[in-house]
Amino acid sequence: MDIPFMRLDRQYAARKEDLDAVVETVFTGGRVLQGPEVRLFEQALAKTVELEHAVAVGSGTDALSLSMRALGLEPGGRVAVTSLSFVASASSIIHAGGIPLFVDVDDYYLSRLDTLEELIESQAIDGIILVHLYGQMLETQDICEKAQAKGIFVIEDAAQALGATHADKPPGHFSDAACISFDPTKVIGAFGSGGSIVTHRKDMAEKCRCLRYHGQSKKGIYSEIGYNSQMHTVQAAMLLEKLKYLNTWQEHRESIAARYNDAIASLPKIQAPRIAEKNTHIYHKYVLRAGNDRDRLLEHLTKAGIGTAIHYATPLSKQPCFSGKAEITHGGCHKAEEAANEVLSLPIYPELQDEEVAYITEMLGKFFR
Ligand SMILES: *Cc1c(COP(=O)(O)O)cnc(C)c1O
């Protein structure tokens, strides 16, 4: 059996008629940038995360750097961020003029809260990027209250957490803003790039809206140096269509995860993902832990035709692009480094068929027999 890690072709095939119709409407209307669908998508997205404002931009990375710019990050300002994530969680800080300060992770692959609390307490930072990795959230309320009391901003990197909740609240409720990505690999993916800032702060939404189009505050008046980061109308229209399936697709992923969890329960050498208290896990990624066996397990699954991936093989603290441009918190990022050597992601898309899941669990079992 051949089971690729992603199957976007199946997702399109299943909804071809609807998606084609959406494209035709946009192209016929002719407003390929800032067409009415962009606003409609923003409204639908804001409703999904139970917030007032959404500002669609060109990518999740832009959402992050624009929101830091909007919050007035000073050149050279320090921003705490996890050491285990996609590169953009930290490169966006540099784009916005700041210096990433890498924090180690806990048993859930999320930033260590005790380290963040120390950094807030000692006022060693100007801001925090809270990354909700793999599909579950880091606690936000307490950290945001403490940070706010010291004038430290908090932005949530919710690129992998659309649909997730902590204590029944989606991302963006306590922080200054949350950033979402619609990269094709994410749970709701554009046919290209896309991102959005979501926030309860009206001033923040207005600032981001201004920055995303050259800093234009009134027609023809550019009050500051901005970006050109617009979500294309056709992407917004297709995302609006796909957003309808957020819950259905999430249920599918959860049921696949439950089957992986069951299979892994009888394999003492692998560890299933853990879910932190008060969290729902949307399983954007299904990341198991295979200790020293990771590389051999990857090879075994590849030979069996099963596509896997490693999120992430190199912690951010060791990425060459940050050399000389970032700092590491006292104590290092050892748990992130350990995880980088031991984690493995299995395919987990809603279009994965029952017999494919059965084959994957069977092949997992065979490796350890
Ligand atoms: C995908 C991702 C981003 C960047 O989003 P893009 O839309 O690809 O620019 C940022 N942070 C995390 C954690 C991501 O997974």
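Both counts, for ligands and for their atoms, begin at 1 and track the order of listing.
The distance from ligand 1 to the heavy atoms of A88 drops below 4.0 Å at these ligand atoms: 4 (C), 10 (C). Close approach to S181 involves these atoms of ligand 1, each under 4.0 Å from a residue heavy atom: 1 (C), 5 (O), 6 (P), 7 (O), 8 (O). Residue G60 has at least one heavy-atom neighbour below 4.0 Å for each of these atoms of ligand 1: 5 (O), 6 (P), 7 (O), 9 (O).
Here the two rings, on F41 and F182, have centers that are under 6.0 Å apart. In this structure, Y213 has its ring center at least 6.0 angstrom away from the ring center of Y227.
Only one option out of L110, L84, I282 pairs with Y134 in a side-chain contact (heavy atoms from CB on, under 4.5 Å); it is L84. The side chain to side chain donor-acceptor pair (under 3.5 Å) test with E342 is passed by exactly one of R289, Q271, R294: R289.
In this structure, K186 is part of the shell of residues with a heavy atom less than 4.0 angstrom from ligand 1. Note on ligand 1: G194 sits in its first shell, one or more heavy atoms being nearer than 4.0 Å. Heavy atoms of S89 come nearer than 4.0 angstrom to ligand 1 in at least one pair.
Distance from atom 15 (O) of ligand 1 to its nearest protein heavy atom, with residue and atom name: Q160 NE2, 2.8 Å. The closest protein non-hydrogen atom to atom 4 (C) of ligand 1 is T61 OG1, 3.5 Å.
With respect to R15 and E241, no salt bridge is recorded, no charged nitrogen being found less than 4.0 Å from a carboxylate O. Taking the charged nitrogens against the carboxylate oxygens, D142 and K146 do have a contact shorter than 4.0 Å, which makes a salt bridge.
Residue-level proximity to ligand 1 for S85 is carried by the side chain, the only part with a heavy atom below 4.0 angstrom. Contacts with ligand 1 closer than 4.0 Å are made by side-chain heavy atoms of D157 only, the backbone lying farther away.
For ligand 1, none of its N or O atoms has an N or O atom of A159 under 3.5 Å away.
Between T82 and Y109 there is no side-chain heavy-atom pair separated by less than 4.5 Å.
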T280 vs T165, test: side-chain hydrogen bond (donor to acceptor under 3.5 Å, both in side chains). Steps then yes/no.
CA-CA 5 Å; T280 54; T165 58; 2.9 Å; yes
